[in-house]
There are 2 protein chains.
Amino acid sequence: MGNVRVTVVDIAKAAGVSKSTVSLVLQGSPLVNEATRAKVTAVMRELGYVYNRGAANLRQSGANSKIIGVVVNDLTNGFFAELAVGVDMVVQSAGFVQFLANTSENLDRQREVIASMREHGISGLIVSPARGTKASDLKPLVAAGIPVVVAVRQVPGAKVSSIVSDNHDGLFAAVRHLVALGHRRIAFLGGFRDTAVFMERLQGYRDAMAGCDLTPDEALVIDAGPSRAGGFDAIGRALALADPPTAAVCFNDAVAFGACDGLRAAGIEPGKNFALIGFDDVIEAKTAVPALTTISVDPQGMGRRAAQLLLKQISAGKPEAEAIVASVRLVVRESCGAPARPETAQAPQAG
Amino acid sequence: MGNVRVTVVDIAKAAGVSKSTVSLVLQGSPLVNEATRAKVTAVMRELGYVYNRGAANLRQSGANSKIIGVVVNDLTNGFFAELAVGVDMVVQSAGFVQFLANTSENLDRQREVIASMREHGISGLIVSPARGTKASDLKPLVAAGIPVVVAVRQVPGAKVSSIVSDNHDGLFAAVRHLVALGHRRIAFLGGFRDTAVFMERLQGYRDAMAGCDLTPDEALVIDAGPSRAGGFDAIGRALALADPPTAAVCFNDAVAFGACDGLRAAGIEPGKNFALIGFDDVIEAKTAVPALTTISVDPQGMGRRAAQLLLKQISAGKPEAEAIVASVRLVVRESCGAPARPETAQAPQAG
DNA sequence: TTGTGTTTTTGGAACGTTCCAATAAAGATC
DNA sequence: GATCTTTATTGGAACGTTCCAAAAACACAA
């Protein structure tokens with residue numbers, strides 16, 4: 001019943017005006033008389049009219065579908081969920097609607113969802129790319145004039161805007177903190193060497209070590225999966241060294257948790273006999289035992305900024321690429337063995 | 001540049017056929033000759049054709065937009081993120097694309113996003129409704145013949161399909177477990193009384209108590225916000241009773257964590273001097289100290305089932321409402337003070 | 001050859017909107 | 001009263017696809 005769609009001409013007929021006038025009302029044009037506008041809107045409400053954006057889109061250049069595509073590589077990871085929420089906030093309040101897809105770090109899936117989004121005529125795309133994403137994956141988008149913002153991870157060679165956290169700075173700060181606590185043998189654990197994020201963090205580690213006049217020892221750089229299992233593995237290898245470290249900075253919090261497990265398995269108590277610092281400040285970092293000292297990035301704020309950046313590009317029309325580096329901060333908790341101090345206040349918005 | 005869109009007639013011209021033939025190829029019709037199909041697809045690839053679903057949609061009845069709307073009330077909550085991922089899995093592999101929005105428990109926002117989704121012509125909607133959602137909010141959808149599945153929370157009076165976890169059963173199992181451990185004074189903490197979920201869980205609590213010949217004491221039912229703060233508050237009130245409980249089942253894990261805080265503040269060690277059971281099995285439950293005994297529901301599985309249910313309704317055409325109750329299971333960890341036993345194996349898919 | 005059946009292909013006419021150029025109505029100015 | 005502005009309104013032509021009825025092309029038997 002009532003399955004028949006009510007269109008703009010139905011409204012026009014019922015209100016005694018032309019469809020053009022109704023269209024004008026729809027887009028809030030100042031050309032239409034107030035009385036007419038009132039009548040038309042009344043009729044629209046009465047008949048239960050719903051706007052057909054697809055049809056509108058067809059006629060218009062197609063660029064303004066009011067849809068923003070958001071692609072994340074792992075939605076079950078709280079970090080990316082927060083990111084998506086941040087994007088959603090600003091995107092919604094700008095009258096857009098978010099099209100969110102999860103790729104589970106799968107390149108084929110990512111290609112599919114991006115293609116699907118194109119078919120639906122997104123006005124812009126924010127993507128936290130799956131590992132191994134190439135510039136060529138984003139090429140068609142930019143060729144079609146669709147603004148793209150990559151977040152969290154860079155895509156080398158892609159001529160698109162980006163927002164990433166300050167990986168170098170984060171590791172730098174972590175290492176200096178450990179040095180200040182008296183550590184000399186500091187390892188860098190976890191992460192894949194073939195990623196840009198890894199290399200940036202590694203560089204931060206190296207620069208900090210060098211800046212503190214510590215002899216760099218490449219044996220202390222132990223790559224492994226950026227996961228709990230990887231952390232467990234990495235710390236095991238670190239402890240097996242002839243001259244083992246007394247502290248470690250980890251690629252991310254998951255690695256740090258795995259390292260905790262590994263330390264305990266070796267009879268070492270993290271935060272007491274060994275100092276550990278993570279990266280990300282995931283939600284569990286605060287409540288874990290010991291509470292994890294880590295580099296905090298504000299994922300929701302990052303999402304908001306990514307969205308703002310994208311909207312700016314959409315309205316500007318010209319896709320001038322811009323690169324943002326979101327600042328991070330060290331949150332000192334227990335795992336680094338520092339004397340307990342009150343936790344620093346809630347993060348101001350990054351940047 | 002190349003900013004000009006390549007359409008089906010461009011393909012037709014280049015391939016030396018009519019646009020109708022190209023359309024046939026597009027929808028994989030068996031009517032078209034293999035040689036022709038090959039030629040057309042080749043040309044499509046060559047010219048970089050992208051399908052315009054909006055246009056297609058316009059001509060078709062509009063019901064098959066291949067978009068599924070997903071609305072959750074709190075995406076930052078791991079439970080709902082997992083739910084969305086579950087939905088995404090089956091929705092994607094069925095060739096649909098997911099439109100995900102977050103309402104942050106805000107009814108106005110929820111109205112907005114649902115309206116926006118309608119404008120885009122979704123084929124179906126899965127919604128984990130914000131608190132206070134009325135049947136009238138979903139009425140227009142079902143009137144328009146759009147299949148709707150509500151998940152996690154019921155919407156009283158709405159004639160739509162639903163999938164919720166077995167709240168009664170979960171609480172029932174939790175209480176019986178505590179009784180088996182020797183507890184007699186068992187409280188029920190947290191949650192808002194005006195929600196259906198609360199009432200179902202409460203009924204499970206009551207039935208279990210009654211089934212164990214324990215005198216029901218309404219003073220032990222302490223409602224409070226379904227949050228950490230609410231849990232802290234509730235346990236405080238519980239301990240202040242003349243005859244305080246020795247154990248508690250909580251409305252959800254957040255309440256349970258708050259109760260832990262409250263117990264410690266009162267010098268009582270949860271899991272040792274007081275038994276606590278949560279509900280949800282959020283990700284932190286496993287790693288908290290003490291590890292939280294809780295009722296586990298498989299949110300991802302729930303999302304998958306919700307999606308399957310919706311897709312069934314979409315293809316069936318007739319929106320015959322169906323109600324699914326997903327089974328839950330008790331996961332015994334440390335907070336209930338039980339003797340440590342190996343954790344039960346990974347959850348089989350609910351139901 | 002014609003007839004009959006099967007397989008392929010094809011022009012329009014929709015779908016619901018926006019845009020454009022043009023018109024109508026109403027005031028303002030001479 | 002005629003002309004010019006300003007303000008509101010309007011019909012048709014798009015947009016890129018699918019659907020329909022019908023035509024063309026082909027195959028084979030009579």
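Everything numeric here is computed off the predicted structure, so don't read it as measured data. Proteins get letters first, then strands, A, B, ... in listed order; numbering begins at 1 in each.
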Exercise. Does the side chain of A/Gln27 get closer than 4.0 angstrom to OP1 or OP2 of C/dT17 through an N or O atom?
Worked result: no
Exercise. Once you round it to whole Å, what is the distance between C1' of D/dT7 and CG of A/Leu24?
Worked result: 12 Å
Exercise. Do the rings of A/His120 and A/Phe99 sit parallel, tilted or perpendicular, given the 30° and 60° boundaries?
Worked result: tilted
Exercise. Can you find a side chain N or O atom of A/Thr21 that sits less than 4.0 Å from OP1 or OP2 on D/dT9?
Worked result: no
Seminar exercise, completed: In this structure, CZ of A/Arg111 is separated from OG of A/Ser116 (nearest 0.5 Å) by 15.0 Å
Problem set entry | Phosphate contact (C/dT9 OP1 or OP2) by B/Thr36 side-chain N/O below 4.0 Å | yes
Exercise. Starting at CG of B/Leu58 and ending at C1' of D/dA14, how long is that distance when rounded to a whole Å?
Worked result: 13 Å
Exercise. Between D/dT18 atom C1' and B/Lys66 atom NZ, what is the distance in whole Å?
Worked result: 15 Å
Problem set entry | Comparing A/Lys19 and B/Leu31 on DNA chain C - which has the more 5′ nearest nucleotide | B/Leu31
For this session: State which of D/dT9, D/dG16, C/dT10 makes the closest approach to the side chain of B/Val17.
Result: C/dT10
Exercise. Is there a donor-acceptor pair closer than 3.5 Å between any side-chain N or O of A/Asn106 and the backbone N or O of A/Thr103?
Worked result: no
Exercise. Could you give the CG-to-C1' distance, from A/Asp10 to C/dT17, as a whole number of Å?
Worked result: 13 Å
Problem set entry | Side-chain N,O (A/Arg5) to OP1/OP2 (C/dG16) below 4.0 Å | yes
Problem set entry | Atom pair distance, as rounded to whole Å: CG in B/Asn33 and P in C/dT7 | 12 Å
Exercise. With no angle test and no hydrogens, is the base of C/dT18 tied to the side chain of A/Arg59 by a donor-acceptor pair under 3.5 Å?
Worked result: yes
Problem set entry | Atom pair distance, as rounded to whole Å: CD in A/Gln60 and P in D/dA13 | 21 Å
For this session: Return the value, rounded to whole Å, for the distance between atom NZ of B/Lys39 and atom P of C/dT8.
Result: 17 Å
For this session: Report which part of the nucleic acid A/Thr7 touches: base, sugar-phosphate, or nothing (heavy-atom distance under 4.0 Å, all strands).
Result: sugar-phosphate
Exercise. Looking at side-chain heavy atoms only, is the closest gap between A/Gln110 and A/Thr133 below 4.5 Å?
Worked result: yes
Exercise. When you check the phosphate oxygens OP1 and OP2 of D/dT9, does a side-chain N or O of A/Ser20 lie under 4.0 Å from one of them?
Worked result: no
Exercise. Whole Å only: how far is the CG atom of B/Asn52 from the P atom of C/dG16?
Worked result: 16 Å
Problem set entry | Pairwise side-chain contact, A/Val87 with A/Gln98, heavy-atom cut-off 4.5 Å (strictly under) | yes
Problem set entry | Donor-acceptor pair under 3.5 Å, A/Ser18 side chain vs D/dG11 base | no
